[in-house]
Amino acid sequence: MTALPDPDMQAEFYSGVTAKRMFAFLIDSVLIFAIAAVIVPFTAFLGLLVWPMLYLTVGFIYRVATLANGSATLGMRFCGIELREHSGARLDGGSALLHTVGYTVSMAVPILQIISILLMLTTARGQGLSDHMLGTVMLKRRA
């Protein structure tokens, strides 16, 4: 049993969420790039030598912090969507960390990311792979 909206009876919570998720991803990617770029001078420009690791670290911290403090990244908030746990509650620090780890692993392994995208496009709740594993779901904030 779940406290989440039923996708058949309350489809308005899920309509258009996959496209909004993609747009939120793009917004978040630009924000993470900008934050990492601002950090580089404070590393005496050594951050440029380890740019991929810096970008991944900034992205990981950004994602955990924003998910734990509002159940949505800044891109998700801009797009009007948020993650909810299977109980319907907002994500806390632990679930934000677990979701970010799942997201990071799926981004690092291309076949997992493809599976995740296919799941978002074909399941009733539009859940990605880490959403399925954790029981989380992306909803419109004001459905």
Side-chain angles (χ1 to χ4, degrees), residues 2-43 45 47-143:
T2 179
L4 296 171
D6 182 272
D8 295 323
M9 302 298 287
Q10 297 169 303
E12 66 274 8
F13 282 97
Y14 302 98
S15 66
V17 168
T18 303
K20 289 177 182 242
R21 225 174 162 158
M22 180 62 186
F23 192 59
F25 168 79
L26 295 173
I27 292 170
D28 289 330
S29 295
V30 169
L31 288 172
I32 292 165
F33 182 90
I35 294 167
V38 166
I39 291 172
V40 167
F42 294 102
T43 66
F45 295 94
L48 292 174
L49 299 175
V50 291
W51 177 257
M53 186 55 90
L54 177 64
Y55 183 86
L56 290 173
T57 302
V58 168
F60 192 90
I61 293 168
Y62 165 86
R63 192 164 178 80
V64 171
T66 55
L67 287 177
N69 293 310
S71 210
T73 64
L74 297 177
M76 292 174 193
R77 291 174 196 176
F78 180 80
C79 293
I81 55 177
E82 66 183 1
L83 280 166
R84 292 295 181 122
E85 293 184 357
H86 60 78
S87 64
R90 290 180 166 202
L91 272 61
D92 59 14
S95 55
L97 177 65
L98 288 174
H99 197 278
T100 302
V101 168
Y103 168 82
T104 303
V105 169
S106 72
M107 290 297 283
V109 181
I111 190 68
L112 295 180
Q113 186 59 22
I114 292 168
I115 291 168
S116 190
I117 292 169
L118 290 173
L119 287 170
M120 283 184 226
L121 293 171
T122 59
T123 59
R125 287 193 164 109
Q127 295 169 290
L129 188 57
S130 56
D131 294 324
H132 278 280
M133 294 179 77
L134 296 172
T136 57
V137 67
M138 189 72 72
L139 300 172
K140 284 185 181 176
R141 280 196 317 216
R142 292 190 174 93

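Quantities reported herein were computed from a predicted structural model and do not represent experimental measurements.
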Check side chain to side chain donor-acceptor pair (under 3.5 Å) between T136 and all other residues, then give those that pass, not counting sequence neighbours. D131

Going by the rule side chain to side chain donor-acceptor pair (under 3.5 Å), which residues pair with D6 if we only count those two or more places apart in sequence or in a different chain? none

Only distances under 3.5 Å count here; give the side-chain donor-acceptor pairs of residues 51-58 to other protein atoms, sequence neighbours excluded, each with its distance to 0.1 Å.
unit_1: Y55; atom_1: OH; unit_2: S29; atom_2: O; d: 3.4
unit_1: T57; atom_1: OG1; unit_2: M53; atom_2: O; d: 2.8

Do E85 and D92 have side-chain heavy atoms sitting under 4.5 Å apart? yes

When rounded to the nearest 0.5 angstrom, what distance separates CZ in R125 from OG1 in T18? 13.5 Å

Is the closest side-chain heavy-atom distance between R141 and M76 below 4.5 Å? no

So, using side chain to side chain contact (heavy atoms under 4.5 Å, CB included) as the criterion, who are the partners of N69 when residues are at least two apart? none

Among L67, I81, V64, exactly one meets side-chain contact (heavy atoms from CB on, under 4.5 Å) together with T73. Which residue is that? L67

For residues M107 and F25, report the shortest heavy-atom separation together with the two atoms involved. CE-CE1, 3.7 Å

Specify the closest pair of heavy atoms between C79 and A24, including all atoms of both residues, with the distance to one decimal. SG-N, 3.7 Å

Residues 112-119, side-chain donor-acceptor partners within the protein, below 3.5 Å, at least two apart:
unit_1: Q113; atom_1: OE1; unit_2: S106; atom_2: OG; d: 3.2
unit_1: S116; atom_1: OG; unit_2: L129; atom_2: N; d: 3.0

Can you name the residues that form a side chain to side chain contact (heavy atoms under 4.5 Å, CB included) with F42, not counting sequence neighbours? V38

Student check: side-chain heavy atoms of K140 and S15 closer than 4.5 Å: yes

Got F13 and L4 here, is their nearest side-chain heavy-atom distance under 4.5 Å? no

With sequence neighbours excluded, residues passing side chain to side chain donor-acceptor pair (under 3.5 Å) with T100: none

Residues 99-142 vs ring pair (Phe, Tyr, Trp, His ring centres under 6.0 Å), sequence neighbours excluded, gives none

Do any N or O atoms from the side chain of R21 and from the backbone of M120 form a donor-acceptor pair under 3.5 angstrom? no

Approximate separation, where rounding is to 0.5 Å, of L83 CG and S71 OG: 5.5 Å

Residues A68 and A96: closest non-hydrogen pair is N-CB, 3.6 Å

All salt bridge (charged side-chain N to carboxylate O under 4.0 Å, His left out) counterparts of R63, not counting sequence neighbours: none

Once side chain to side chain donor-acceptor pair (under 3.5 Å) is applied, do any residues pair with E82, and if so which ones, sequence neighbours excluded? R84, R90

What pair of heavy atoms forms the shortest contact from S87 to A3, and how long is it? O-CB, 2.9 Å

I need the full list of ring pair (Phe, Tyr, Trp, His ring centres under 6.0 Å) pairs touching residues 60-81, with sequence neighbours left out, sorted by first then second residue. none

